[in-house]
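All values reported here derive from a predicted model rather than from experimental measurement.
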Amino acid sequence: QVQLVESGGGLVQPGGSLTLTCAASGSIKSIGRMGWYRQAPGKQRELVAGINSSGTTTYADSVTGRFTISRDNAKNTVALQMNSLKAEDTAVYYCNANIASSGSVYTSTYWGQGTQVTVSS
C-alpha cells in the first residue's frame, strides 16, 4: 500500500513564505515524476510545479521565480518552497507522484489528501 502524506500548509500573510512537504511511504520500488498541484474554490486543479527523478523541474508561469520544488530520493520526499505569496495562491495543494510498487512492473499515479494554503492579511 502506497500513500502520500502532505504537511506544512496554513495561513500566511501576503509576501510571506511557506514550505510544503510530501512523504511517500509503503512498498515502493521506484518513484518517477513528482509534483504539486493546487485547486482554488470554483477552479480546476492546476499544475504548480513538477520534478523528475533526475531533478529537472517545471513550473507554472504564475509561480516561476517565487516557488521552488525539490526532492530527496533517499527519503522519498518532495518539497515546495513558496516565497512572496499572494492572495491568488490560496488553494488546496496536492502532492502527486508516479510510483512503481514493490513487485510491480507498472507505475501508478498517487495523490495526497491535500493541504490548505491561505494567503490573507
Side-chain angles (χ1 to χ4, degrees):
Q1 192 85 4
V2 174
Q3 64 177 124
L4 300 178
V5 178
E6 300 116 333
S7 61
L11 173 65
V12 63
Q13 292 186 341
S17 298
L18 275 178
T19 300
L20 306 182
T21 302
C22 172
S25 63
S27 300
I28 297 171
K29 180 172 69 176
S30 64
I31 302 178
R33 185 183 177 281
M34 305 182 82
W36 288 93
Y37 289 72
R38 67 186 181 187
Q39 188 167 20
K43 295 187 177 181
Q44 289 188 332
R45 190 173 298 188
E46 63 175 359
L47 173 68
V48 176
I51 183 168
N52 67 15
S53 56
S54 299
T56 301
T57 58
T58 58
Y59 294 94
D61 289 344
S62 60
V63 306
T64 297
R66 300 188 298 123
F67 291 9
T68 302
I69 189 171
S70 61
R71 63 188 286 170
D72 185 330
N73 292 330
K75 296 181 179 179
N76 291 338
T77 59
V78 61
L80 185 69
Q81 172 67 44
M82 305 184 293
N83 298 325
S84 302
L85 283 161
K86 305 175 181 179
E88 50 263 44
D89 294 318
T90 296
V92 178
Y93 284 70
Y94 297 90
C95 175
N96 163 282
N98 296 330
I99 298 174
S101 300
S102 299
S104 174
V105 298
Y106 300 107
T107 296
S108 298
T109 299
Y110 293 85
W111 291 90
Q113 79 284 358
T115 186
Q116 177 70 46
V117 172
T118 302
V119 184
S120 175
S121 55

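Of all non-hydrogen atoms in Arg66 and Ser84, the two that sit nearest each other are NH1-O, 2.9 Å. Across Val117 and Gly9, no two heavy atoms sit closer than the pair CG2-CA, 4.2 Å. In terms of heavy-atom proximity, Cys95 sits nearest to Val78 at SG-CG1, 3.8 Å. Residue Gln81 comes nearest to Ser17 through the heavy atom pair NE2-CB, 4.0 Å, listed as atom of the first residue, atom of the second, then distance. Minimum heavy-atom separation, Lys29 to Ser101: CB-O, 3.7 Å.
When the side chains of ILVMFWY residues are joined at heavy-atom separations under 4.5 Å, either directly or via intervening members, Tyr94 and Tyr59 end up in two distinct hydrophobic clusters. In the hydrophobic cluster analysis, where Ile, Leu, Val, Met, Phe, Trp and Tyr join through side-chain heavy atoms closer than 4.5 angstrom, Tyr37 is grouped apart from Tyr110. If you chain together hydrophobic residues whose side chains sit under 4.5 Å apart, Ile51 and Leu47 never meet in one group. By the rule that hydrophobic residues join a cluster once side-chain heavy atoms approach within less than 4.5 Å of another member, Leu20 and Leu85 end up as members of one cluster. Hydrophobic cluster membership is shared by Val63 and Val12, with clusters built from Ile, Leu, Val, Met, Phe, Trp and Tyr side chains linked at under 4.5 angstrom.
For Glu6 (side chain) and Gln113 (main-chain N/O), a donor-acceptor pair under 3.5 Å exists by modelled atom type. The main-chain N or O of Ala60 is found under 3.5 Å from a side-chain atom of Thr64 such that the two form a donor-acceptor pair. With hydrogens and angles ignored, the 3.5 Å screen pairs no side-chain donor or acceptor of Gln3 with any backbone N or O of Ser25. Side-chain atoms of Ser54 never come within 3.5 Å of backbone atoms of Thr56 as a donor-acceptor pair (strictly under, hydrogens ignored).
Counting heavy atoms from C-beta on, the side chains of Trp111 and Arg45 come closer than 4.5 Å. You'll find the side chain of Asn76 reaches within 4.5 Å of the side chain of Ile31, heavy atoms only. At a threshold of 4.5 Å between non-hydrogen side-chain atoms, the residues Met82 and Val48 do not count as touching. Taking the side chain as every heavy atom from C-beta outward, Asn73 and Arg71 approach each other to under 4.5 Å. Looking at heavy atoms from C-beta onward, Ser120 lies out of side-chain contact with Thr90 at the 4.5 angstrom threshold. Residues Asn96 and Thr109 form a side-chain contact, since some pair of their non-hydrogen atoms from C-beta on lies under 4.5 Å apart.
Rounded to the nearest 0.5 Å, atoms OG1 (Thr68) and CG (Leu80) are 8.0 Å apart. If you take OG1 on Thr21 and CH2 on Trp36, they are separated by 6.5 Å, rounding to the nearest 0.5 Å. To the nearest 0.5 Å, atom CG of residue Leu11 and atom OG1 of residue Thr118 are 6.0 Å apart. In this structure, CZ on Arg33 lies 5.0 Å from OG1 on Thr58, to the nearest 0.5 angstrom. Atom OG1 of Thr107 is separated from atom CG of Asn98 by 6.5 Å, given to the nearest 0.5 angstrom. In this structure, the separation between CD1 on Ile69 and CE on Met34 is 8.0 Å, given to the nearest 0.5 Å.
Side-chain contact annotation: Gln13 with Ser121, donor-acceptor N/O pair under 3.5 Å absent.
Heavy atoms from other residues, nucleotides or ligands lying under 6.0 Å from CD of Gln44 number 12 at most.
Using cut-offs of 30° and 60° on the angle between ring planes, the pair Phe67 and Tyr93 is tilted.
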